[in-house]
Amino acid sequence: MKRIVVMISGSGSNLQTIIDRIHHSDVDAQIVAVIANKADAYGLVRAADASIEAICIPSSDFAHDRVAYDQQLIQAIDQLAPDLIVLAGYMRILTDEFVHKYLGKLINIHPSLLPKYRGLNTHQRAIDNADTDHGVSIHFVTPELDGGPVIVQAKVPIFSDDSKDDLAERVQVQEHQIYPLVVKWFVEERLVMQDGYALMDNNQLGSQGFAADE
Ligand code: GAR
């Protein structure tokens with residue numbers, strides 16, 4: 001059975017959907033640990049409630065030393081021997097060393113229709129630009145921030161009276177649908193990263209991932 005490590009910084013609602021889908025036997029995998037860079041990340045409680053090892057490696061001790069911090073992460077992760085590392089609201093930039101080490105088995109969820117709005121504050125930026133739609137992307141992680149090949153996107157409308165919280169809530173409904181699905185594809189070995197592209201069932205996905213086939 002494939003071994004998954006989930007990395008978080010906060011609430012862990014995406015983590016929860018993956019836990020739930022595994023418990024319902026929709027995804028044949030085991031979450032061997034949840035790692036948070038913040039001690040108060042609620043996802044650690046969700047992990048413990050599900051009898052999953054919950055590890056906190058506080059990044060506040062390494063505010064200015066990403067390399068040393070990521071080396072600690074690597075040490076912890078290598079002991080867990082994961083097949084897949086799922087970034088689920090992990091809000092710290094990873095070093096190139098870390099990314100290269102796990103290239104092809106590292107995926108991230110980002111709340112925008114990439115390549116739009118890399119980085120932070122994506123919901124407010126979409127509203128400020130008077131966009132009419134917004135969404136979420138799941139992608140393989142490469143050293144370029146939020147720049148790795150997209151696996152799938154989900155789109156939502158933006159309404160004129162939306163606050164950023166309204167929009168975030170609408171996007172999260174979609175996040176909870178698509179992230180467990182991508183994890184399922186990966187553990188079933190249908191999804192791989194090769195030569196900088198995401199491949200699904202041996203077919204190269206386009207720049208919008210699966211959404212391009214809608
Ligand atoms: C999610 O909305 C995810 O898209 C976002 O953090 C949230 C975590 O929610 N990720 C990023 O912004 C990554 N740059 P959760 O802790 O409830 O799963």
Side-chain angles (χ1 to χ4, degrees), residues 4-23 27 31 33-50 52 54-59 66 70 73 84-95 98-99 102 106-128 131 133-156 158 162-183 208-211:
I4 300 175
V5 166
V6 182
M7 291 171 58
I8 58 160
S9 298
S11 153
S13 69
N14 281 284
L15 162 69
Q16 188 67 57
T17 62
I18 297 167
I19 291 173
D20 292 346
R21 291 286 292 270
I22 290 174
H23 280 178
V27 179
I31 300 178
V34 171
I35 300 179
N37 67 321
K38 292 187 172 182
D40 62 354
Y42 183 66
L44 289 172
V45 176
R46 297 181 192 270
D49 284 349
I52 295 167
I55 302 169
C56 179
I57 306 178
S59 53
R66 287 188 194 285
D70 281 9
L73 277 181
L84 174 66
I85 301 169
V86 175
L87 304 181
Y90 182 74
M91 301 303 287
R92 190 175 155 96
I93 293 173
L94 293 162
T95 55
F98 184 97
V99 173
Y102 301 113
L106 186 57
I107 59 176
N108 183 42
I109 187 160
H110 182 74
S112 79
L113 296 170
L114 290 170
K116 272 189 154 177
Y117 308 127
R118 295 178 182 188
L120 298 176
N121 206 16
T122 58
H123 308 303
Q124 190 61 54
R125 286 156 70 198
I127 291 171
D128 291 347
D131 290 358
D133 51 32
H134 184 52
V136 52
S137 306
I138 312 233
H139 64 95
F140 280 106
V141 177
T142 63
E144 188 182 348
L145 182 68
D146 299 327
V150 171
I151 298 162
V152 70
Q153 295 184 320
K155 211 181 269 188
V156 301
I158 301 180
D162 272 345
S163 68
K164 73 172 169 40
D165 292 342
D166 296 331
L167 189 52
E169 209 174 299
R170 196 171 305 127
V171 168
Q172 275 226 319
V173 172
Q174 299 303 317
E175 295 189 355
H176 298 161
Q177 298 299 316
I178 64 174
Y179 217 3
L181 188 63
V182 168
V183 170
Q208 295 175 295
F210 240 59

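We count ligands from 1, going down the list as the structure has it; atoms in each ligand are counted the same way. All of these numbers come straight from a predicted model, not from anything done at the bench.
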Do you see a donor-acceptor pair shorter than 3.5 Å between the side chains of [X] and [Y]?
X      : Y      : result
Ser59  : Arg66  : no
Ser112 : His134 : no
Asp20  : Thr17  : no

Which distance, rounded to the nearest 0.5 Å, do you find between the CG of Leu94 and the OG1 of Thr142?
11.0 Å
Using the salt bridge (Lys or Arg N to Asp or Glu O under 4.0 Å) rule, take Arg125 and Asp131 through it: C-alpha gap first, then chi angles, then the decisive distance, then the call.
CA-CA 9 Å; Arg125 286 156 70 198; Asp131 290 358; over 6 Å; no
Who's touching ligand 1 if we go heavy atoms under 4.0 Å?
Ser11, Gly12, Ser13, Asn14, Gly89, Met91, Ile109, His110, Pro111, Gln172, Glu175
Sequence neighbours excluded, which residues qualify as ring-ring contact (aromatic ring centres under 6.0 Å, His included) partners of Phe98?
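Phe98: ring-ring contact (aromatic ring centres under 6.0 Å, His included) contacts with Tyr102.
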